[in-house]
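Computed from a predicted structure; not experimentally measured. Atoms considered below: every heavy atom in the structure, side chains included; atoms not considered: hydrogens, waters and symmetry mates. One-based numbering along the sequence shown.
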Amino acid sequence: MSGLRVVVVNGSPSRPSRTMGLVDVILETLGKLVPVEASRIDVYRLGLGETVERSDAPPEVEAALRSAEEADLLIAATPVFRGSYPGMFKQFFDLVDQYALADKPVLLAATGGGDHHALVLEHALRPLFGFFQALTLPVAIFASSGDFDGTVLLNPRVHGRIQIALESAGRYLPVPK
């Protein structure tokens, strides 16, 4: 039996990062609900450079784009920089086919310095995926720097929100074959 093909698009330029600490908890929680086959795209490691057209994308970038487009569930995870997602994160999605994410379930996740950064979910990420006609899941997940010890997510309220988000997401996810 195959699991749900989950692809994380990680917008964090750091490794390790709080963003991936949050995603690790999301994937662990999701794995308790359904079988999961997870992979990760670190946009900062792709070397997008001056790639502005998909036809100019190197093979490893093309493979990453196809992986994101073919996922059963896409997790768009990013830290907040200056009130929005980082430019490399956006550059990656600039190369995604305009209709490839139509009706695809997308879980939005972000980390930031304080709670006011949570606005990135509704004012930057939802509009981005709205352009693609993606199915952004109703409950998005945000964690601020105070919710972590290093990259380990400690705040039980955020853990609870992850549980709520994934339980409510079940009706939007395809059944693994």
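Minimum interatomic distance between Thr51 and Leu95 (heavy atoms only, all atoms of both residues): CG2-CD1, 3.9 Å. Contact between Gly83 and Val120 at its shortest, heavy atoms only, is O-CG2, 4.1 Å. When every heavy atom of Ala140 is checked against every heavy atom of Leu121, the shortest pair comes out as CB-CD1, 3.8 Å. Shortest non-hydrogen contact noted between Pro105 and Leu73 is O-CD1, 3.5 Å. Scanning both residues, Leu22 and Ala110, for their nearest heavy atoms gives CD2-O, 3.7 Å. Contact record, Val106 with Ala76: CG1-CB, 4.2 Å, taken as the closest heavy-atom pair.
In this structure, the side chain of Ser12 engages the main chain of Ser14 through a donor-acceptor pair within 3.5 Å. Between the Glu37 side chain and the Leu4 main chain, no donor and acceptor come within less than 3.5 Å of each other. Judged purely by atom type and a 3.5 angstrom limit, Ser67 has no side-chain atom pairing as donor or acceptor with the backbone of Ala63. Under the 3.5 Å distance criterion, the side-chain polar atoms of Ser144 are left unmatched by any main-chain donor or acceptor of Gly114.
Under the side-chain hydrogen bond (donor to acceptor under 3.5 Å, both in side chains) criterion, Gln163 pairs with Glu167, sequence neighbours left out. In this structure, the side chain to side chain contact (heavy atoms under 4.5 Å, CB included) partners of Glu60, at least two apart in sequence or on a different chain, are Pro58. Taking the side-chain hydrogen bond (donor to acceptor under 3.5 Å, both in side chains) definition, one finds that Gln133 meets it with nothing, sequence neighbours left out. Listed by chain and residue number, Lys32 satisfy the salt bridge (charged side-chain N to carboxylate O under 4.0 Å, His left out) test with Glu28 (two or more places apart in sequence, or in another chain). In terms of the side chain to side chain contact (heavy atoms under 4.5 Å, CB included) criterion, residue partners of Leu135 (sequence neighbours excluded) are, by chain and number, Tyr172.
For Arg5 and Glu69, the salt-bridge test fails: no basic side-chain N is under 4.0 Å from an acidic carboxylate O.
Between Pro79 and Pro13, the closest side-chain pair of non-hydrogen atoms falls below 4.5 Å.
Residue pairs meeting the ring pair (Phe, Tyr, Trp, His ring centres under 6.0 Å) criterion with at least one partner in residues 108-153, sequence neighbours excluded, are Phe93-Phe129. Screening residues 115-139 for salt bridge (charged side-chain N to carboxylate O under 4.0 Å, His left out), with sequence neighbours left out, gives Glu122-Arg126. For residues 139-165, no residue pair satisfies the salt bridge (charged side-chain N to carboxylate O under 4.0 Å, His left out) rule, not counting sequence neighbours. Sorted by first and then second residue, the pairs that involve residues 12-24 and meet salt bridge (charged side-chain N to carboxylate O under 4.0 Å, His left out), not counting sequence neighbours, are Arg15-Asp42. The list of ring pair (Phe, Tyr, Trp, His ring centres under 6.0 Å) pairs with a residue in residues 37-87, not counting sequence neighbours, reads Tyr85-Phe89. Residue pairs that meet the side-chain hydrogen bond (donor to acceptor under 3.5 Å, both in side chains) test with at least one member in residues 96-114, sequence neighbours left out, are Thr19-Thr111.
To the nearest 0.5 angstrom, Lys90 atom NZ is 12.5 Å from Leu48 atom CG.
Two different hydrophobic clusters hold Ile26 and Leu108 under the rule that ILVMFWY side chains link at heavy-atom gaps under 4.5 Å.
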- prompt: Going through the checks in order, is the side-chain contact (heavy atoms from CB on, under 4.5 Å) test met by Leu74 and Val9?
  reply: CA-CA 7 Å; Leu74 188 65; Val9 177; 3.7 Å; yes

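Alongside Leu154, the hydrophobic cluster contains Val152 (criterion: ILVMFWY side chains under 4.5 Å).
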